[in-house]
Amino acid sequence: MAIFKVPDIEETVKCTSSLFCKYFQSNPSICSYAPGRVNLIGEHTDYNDGFVLPMALPMVTVIVGEKNNSQKCCIITSCPSADDPKEIKFSLPVPGIESTILKPEKPMWANYIKGVMQNFKGNLIGFNAVISTTVPVGGGLSSSAALEVASYNFLEALNIEDSSVGLIEKALACQKAEHEFLNMPCGIMDQFISLMGKNDHALLLDCRSLEYELIKVRDLEVTVLITNTNVKHKLAESQYSNRKKQCEIAATLVGKLSLRDVSLEDLQIHQESLGEEIYRRAVHVVGEIKRTRDAAEALKQENYVKFGNLMTESHASLRDNYEVSCPELDIVVNAALEIDGVYGSRMTGGGFGGCTVTLLKTDAITNTMENIKMKYKNPTFYVCRPGDGAKAIRF
Ligand code: ADP
C-alpha cells in the first residue's frame, strides 16, 4: 500500500544540502523550511472573511543556500513536477529603476519566489539556493504556500541586519506574492498556518480579524489520515475564481460586505433574487462558517464524534451546494466512512481532485486504508499529527 513515510526534516535538510554542494561546490550557510497544511474544516470560507481550522503538516519545503556576493540569484529546484527549466538565474531589481522590477514569467515555479522577493520588506541580496519538498505538489496541501513562506524566511536569514517583520505581515506579503505573480486570488489561510502552526495543535483562524487560537489535539488515540487521489482536474483554477465571484455577488445582493455577515435567514429572505445556484453557493459558505466554529468547540471538548459529523456534513455541502468535489474525492470519502472508528471525512483544499482528510481512531487506520484501496485505484496515504510552523536557521 502506498503509505508515504514522511522523512525527518533533518534528513530532508541533509539531502538538500548535499545537492547544494554538488551544484555550487560549497556548503550552504542558511536553511529555511516551511510546512504544508491540511484544512480540517472551513473550506472556501477564507476569502469570505470566515473561519478556517487547519493544522501544519510534518511535510515541509526546504531551501538551503548562501549569499553569492553578486547582484544575481541562482535557484535550483529538485521538485520533479515543477515546470522546466529547474534551474534559473536572474538579476536583482535595482531600487528606483522601473525596468528591473521582477515580473512573472516562465518557469511558473520561480514566480512564487520572485513574487515573495518583490514583496519582501528588507534588503535583497544575491544568493544561490536549492529547494526540495516532501509536501505533495499540486495535491491541495499547499506546497505553494510552503514555498512562499520558506522563501520569505530564507531572504530574511540572508540579511545580516535583523529585518524581521511580524508573522502576520509576513503571511500577508506571501499572499500578495501569489495574487500578483500567480494571478491566484487566494485567501490568507495557507501562508498563515505555515507560519503559525504548532506541534500537536490545530489553529482556528478568523480570516477577517486575523485573530487566531491554537487548539491542542491532546488525544494520541486520534489520528488524521490524508488520502491523495492523485488527480487534479483542469477546472480547479477557473472554478475557484468563479466561486469567489459568486460569493461576492451573493453578499452584495443581500446588502452585506461579505458572506461572513450573512445568516441563513438572510439567504432565505433573498432566495428568489439570489437565484438557485448562487443561493446554494452562499448556503455552503454561511453553513461552513458555523460548522467551523462548532468544530473548534468540539475539538476543545475532545468531542471527536461531533467534530467528525461536522466534517462529513462539510463534504456533503461542498459536493452538493458548492459543487467543487469530484467522483474520485467522493469515492474516497465514502470508503472511509464505511469503517468503524472513522469519525468523519471530507475533501480538503480547493477541490476538483487533490486530497481528502479523515479523522479516525488510531487503531482504525489499517482497515480504513485497506477499504479505500479496495474502492479507489491509486491513493497515496499520509498518517499525520499536527506539525510545527516555519523556521530558518544559520548553520
Ligand atoms: P498546492 O496545493 O500543492 O499548493 P498548487 O497547484 O497551488 O498546489 O501549487 C503547486 C505549484 O507550486 C507547482 O506547480 C510549482 O509551480 C510550485 N511549487 C511548489 N513546491 C515547489 C518546489 N518545491 N519547487 C518548485 N516549485 C514548487
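First listed ligand is number 1; within each ligand, the first listed atom is number 1.
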Chemist: Which protein residues have a heavy atom under 4.0 Å from ligand 1?
Modeler: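 Residues T77, C79, A82, W109, Y112, I131, T133, P136, V137, G138, G139, G140, L141, S142, S143, S144, L147, K232 each place a heavy atom under 4.0 Å from ligand 1, listed by chain and number.
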Chemist: For residues 129-140, which residue pairs qualify under salt bridge (charged side-chain N to carboxylate O under 4.0 Å, His left out), counting only residues two or more places apart or in two chains?
Modeler: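 Sorted result for residues 129-140: empty, none.
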Chemist: Just by distance, no angles: are the side chains of E148 and Q191 close enough, under 3.5 Å, to form a donor-acceptor pair?
Modeler: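 Looking only at side-chain atoms, Q191 and E148 do form a donor-acceptor pair, the distance falling under 3.5 Å.
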Chemist: Between F90 and E105, is the side chain to side chain contact (heavy atoms under 4.5 Å, CB included) condition met? List the steps.
Modeler: CA-CA 11 Å; F90 58 93; E105 56 194 351; 5.5 Å; no
Chemist: Start with the C-alpha gap between I131 and W109, add the side-chain angles, then the distance that decides, and say whether side chain to side chain contact (heavy atoms under 4.5 Å, CB included) holds.
Modeler: CA-CA 11 Å; I131 304 171; W109 65 267; 4.3 Å; yes
Chemist: Between F127 and F154, how do the two ring planes meet: parallel, tilted or perpendicular, split at 30° and 60°?
Modeler: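 The rings of F127 and F154 stand perpendicular, inter-plane angle above 60°.
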Chemist: For a side chain to side chain donor-acceptor pair (under 3.5 Å) check, start with the C-alpha distance between S314 and R346, then their side-chain angles and the critical distance, and finish with the verdict.
Modeler: CA-CA 7 Å; S314 163; R346 57 184 287 274; 3.0 Å; yes
